[in-house]
Each structure stands twice: as structure tokens, then as C-alpha cells.
Amino acid sequence: AQLVESGGGSVQAGGSLKFSCAASGDIPRTYLMGWFRQAPGKEREGVAVIYGNSSTTYADSVKGRFTISRDNAKNTLHLQMNSLKPEDTAMYHCGAGPFRMGWVFVPVSYWGQGTQVTVSS
């Protein structure tokens with residue numbers, strides 16, 4: 001099973017970026033998918049998750065600025081990030097799993113290699 005992210009990069013505060021994540025065929029389309037981020041010296045935190053029926057959950061810190069979406073036919077995940085802030089700077093990872101407990105996928109999880117986002121003030 002494989003998740004491959006694309007997109008990301010550097011942007012000034014207030015700007016926008018969009019990520020995509022392609023899931024390999026052996027990751028069921030019914031799995032939850034989500035975006036997580038980890039800044040240097042900090043623990044990984046959940047950003048947004050989306051269910052197979054497209055219902056979504058967002059971290060309070062990104063509500064109203066980020067939008068998660070998925071294309072079930074292509075088994076791909078997207079994250080549109082607007083009004084970016086320097087505190088959004090982190091390595092962003094795509095993840096997938098059958099269920100979640102809070103921001104943790106259980107009982108198994110799959111992860112992409114990550115893509116860096118840097119927001120300058």
C-alpha cells in the first residue's frame with residue numbers, strides 16, 4: 001500500500017497552496033483519509049480528515065482556511081490551503097486508515113512520505 005503526496009512549497013503569509021495525495025489500489029476507497037502535519041520540535045497533529053461519504057473534520061486552527069476533498073474514483077485526496085500563516089509551516093503527511101480514535105487511525109494506518117510547506121511572514 002502506498003500514498004504519494006504532491007504539491008506544497010513555499011509561500012508568503014496570506015497565500016494559498018494545494019496538495020494532492022494518490023493512494024495505491026490496495027488502499028480501500030472506504031478508508032478515512034486525512035492530512036497531518038509536524039513542525040520541527042513538535043508532535044504530529046491532525047489537520048483534516050474525510051470519510052468515504054465526504055463528511056469532514058478539521059482542526060480548530062485551520063477551520064475556515066483549509067478544505068479537504070477526495071476523488072473516490074481516482075482514490076486521491078486533496079487539501080486546499082488559503083490564508084496561510086507562518087505557524088502553518090510544517091511537513092504535511094497524507095494518511096489513511098479504516099477507523100479513527102481522535103486523530104489516530106486504527107487499527108492500521110498508511111502514510112505518505114510528506115511534503116514541506118514553508119510560510120514566510
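Note that the structure is predicted; figures quoted are calculated from it, not measured. Just so you know, these numbers use all the heavy atoms, side chains as well, and skip hydrogens, waters and symmetry mates. Heads up: numbering here begins at 1 and tracks the sequence.
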**OP:** Tell me whether L32 is reachable from I27 by hopping between hydrophobic residues (I, L, V, M, F, W, Y) whose side-chain heavy atoms are closer than 4.5 Å.
**Re:**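 No, I27 and L32 fall in different hydrophobic clusters.
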Original post:
Should V47 and M81 be counted in the same cluster of Ile, Leu, Val, Met, Phe, Trp and Tyr side chains packed under 4.5 Å apart?
Top reply: yes
Subject >> For D60, all residues meeting salt bridge (charged side-chain N to carboxylate O under 4.0 Å, His left out), sequence neighbours excluded >> reply: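 Result, salt bridge (charged side-chain N to carboxylate O under 4.0 Å, His left out) vs D60: K63.
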Original post:
So, for G34 and F105, which heavy atoms are closest and what is the spacing to 0.1 Å?
Top reply: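 Minimum heavy-atom contact is N-CZ, 4.0 Å.
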**OP:** List the atom of S16, the atom of S83, and the distance in Å for their closest heavy-atom pair.
**Re:** OG-N, 4.4 Å
Original post:
Hey, does the side chain of Y58 reach the backbone of I68 with a donor-acceptor pair shorter than 3.5 angstrom?
Top reply: yes
**OP:** Could you tell me whether the side chain of N75 and the main chain of R29 form a donor-acceptor pair under 3.5 Å?
**Re:** no
Subject >> Fellow cluster residues of V4, listed by chain then number, with links counted only when side-chain atoms sit under 4.5 Å apart >> reply: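 Hydrophobic cluster check, V4: no partners found.
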Let me confirm one number: the [atom1]-[atom2] distance from [X] to [Y], rounded to the nearest 0.5 Å.
{"X": "Y110", "Y": "Y31", "atom1": "OH", "atom2": "OH", "result": "5.0 Å"}
{"X": "M33", "Y": "I50", "atom1": "CE", "atom2": "CD1", "result": "9.5 Å"}
{"X": "L3", "Y": "Q113", "atom1": "CG", "atom2": "CD", "result": "9.0 Å"}

In residues 92-104, what donor-acceptor pairs under 3.5 Å come from side-chain atoms, sequence neighbours left out?
from	atom 1	to	atom 2	distance (Å)
Y92	OH	R37	NH1	2.9
Y92	OH	D88	O	2.6
H93	ND1	G112	O	3.3
R100	NE	Y51	OH	3.0
R100	NH1	G102	O	2.5
R100	NH2	T57	OG1	3.3

Subject >> Residue pairs fulfilling ring pair (Phe, Tyr, Trp, His ring centres under 6.0 Å) with at least one residue in residues 67-89, sequence neighbours excluded >> reply: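 Sorted pair list comes back empty.
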Subject >> Pairwise salt bridge (charged side-chain N to carboxylate O under 4.0 Å, His left out) hits with a residue in residues 1-14, at least two apart >> reply: none
Please report, to 0.1 Å, the donor-acceptor pairs under 3.5 Å made by any side chain of residues 114-121, with sequence neighbours excluded.
from	atom 1	to	atom 2	distance (Å)
T115	OG1	G7	O	2.9
Q116	NE2	A90	O	3.3

